[in-house]
Amino acid sequence: MATGKKRVRTLTRLDIAKRIADSRYEKVEDALEWVEAVFTACRELLKTADPEVRIEIRTFGVFEVKLTKEKPQARNPKTGEIVVVPARRKTHFKPSKFLKEFLQIPLEKLGVTIDGKKINPNGRGGSAY
């Protein structure tokens with residue numbers, strides 16, 4: 001059952017490494033090592049949550065491990081059976097004020113139409129932002 005909706009482009013570690021390499025005039029392979037090191041460090045810090053932890057990166061956001069309460073009256077939607085969902089930890093990301101403000105800019109100001117086609121507002125090539 002196709003809806004005709006296009007998939008959103010997924011950016012990967014390699015895309016991040018290419019952006020860093022371009023901005024620092026370095027090799028992509030070196031930048032990829034840096035990206036891997038940062039993600040590994042963040043992952044390891046989140047895994048140390050005892051039981052909670054918070055990683056704050058200014059102008060980007062906050063990664064947190066939070067606790068959830070036990071849910072003794074949850075219901076299995078398939079069978080209707082009442083089940084107990086134990087307390088657990090979950091990850092949460094809260095964008096920074098800077099990032100939130102950027103995401104609140106109307107799409108027209110960025111030169112993006114509702115159907116996703118980019119229109120460069122300054123008439124030059126490249127991205128609208």
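Model, not experiment: these values are computed from the prediction. Residues: numbered from 1 along the sequence shown.
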(message) Under the criterion side chain to side chain contact (heavy atoms under 4.5 Å, CB included), I'd like the reasoning laid out for Arg75 against Val83: C-alpha separation, chi angles, the key distance, then a yes or no.
(response) CA-CA 6 Å; Arg75 187 177 299 273; Val83 294; over 6 Å; no

(request) Show the numbers, then the answer: is there a side chain to side chain contact (heavy atoms under 4.5 Å, CB included) between Leu46 and Val53? (result) CA-CA 6 Å; Leu46 289 171; Val53 71; 4.0 Å; yes

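Ala17 approaches Ala31 most closely through the heavy-atom pair O-CB, 3.3 Å.
With rounding to the nearest 0.5 angstrom, the CZ atom of Arg19 is 12.5 Å from the CG atom of Leu14. Atoms CG and CZ, from Leu45 and Phe63 in turn, are 11.5 Å apart once rounded to the nearest 0.5 Å.
Using a 4.5 Å heavy-atom threshold, the side chains of Val35 and Ile20 count as touching. No side-chain heavy atom of Glu44 sits under 4.5 Å from any side-chain heavy atom of Thr48. By the 4.5 Å heavy-atom criterion applied to side chains, Lys100 and Lys97 are not counted as neighbours.
Within the structure, side-chain hydrogen bond (donor to acceptor under 3.5 Å, both in side chains) contacts touching residues 86-95 (residues at least two apart or in different chains) do not occur. Within the structure, the side-chain hydrogen bond (donor to acceptor under 3.5 Å, both in side chains) test picks out the following pairs touching residues 25-36 (sequence neighbours left out): Arg13-Glu36. The side-chain hydrogen bond (donor to acceptor under 3.5 Å, both in side chains) analysis of residues 54-68, with sequence neighbours excluded, yields the pairs Arg54-Glu56, Glu56-Arg58.
Linking Ile, Leu, Val, Met, Phe, Trp and Tyr residues whenever their side-chain heavy atoms come within less than 4.5 Å leaves Phe98 and Phe93 in two separate clusters. In the hydrophobic clustering of this structure, Phe60 groups with Ile55; members are Ile, Leu, Val, Met, Phe, Trp, Tyr whose side-chain heavy atoms approach within less than 4.5 Å, directly or through other members. Hydrophobic clustering (ILVMFWY, side-chain heavy atoms < 4.5 Å, transitive): Val84 and Ile82 are in distinct clusters. Note on Val38: it does not cluster hydrophobically with Leu32, by side-chain heavy-atom contacts below 4.5 Å among ILVMFWY residues. Residue Leu107 is grouped with residue Ile105 when hydrophobic side chains (ILVMFWY) are merged at heavy-atom distances under 4.5 angstrom, including chains of intermediate members.
Annotation: Asn76, atom CG; neighbour count of heavy atoms from other residues, nucleotides and ligands within 6.0 Å is above 12.
Looking only at distances, a side-chain donor or acceptor of Asp15 sits under 3.5 Å from a matching main-chain atom of Thr12.
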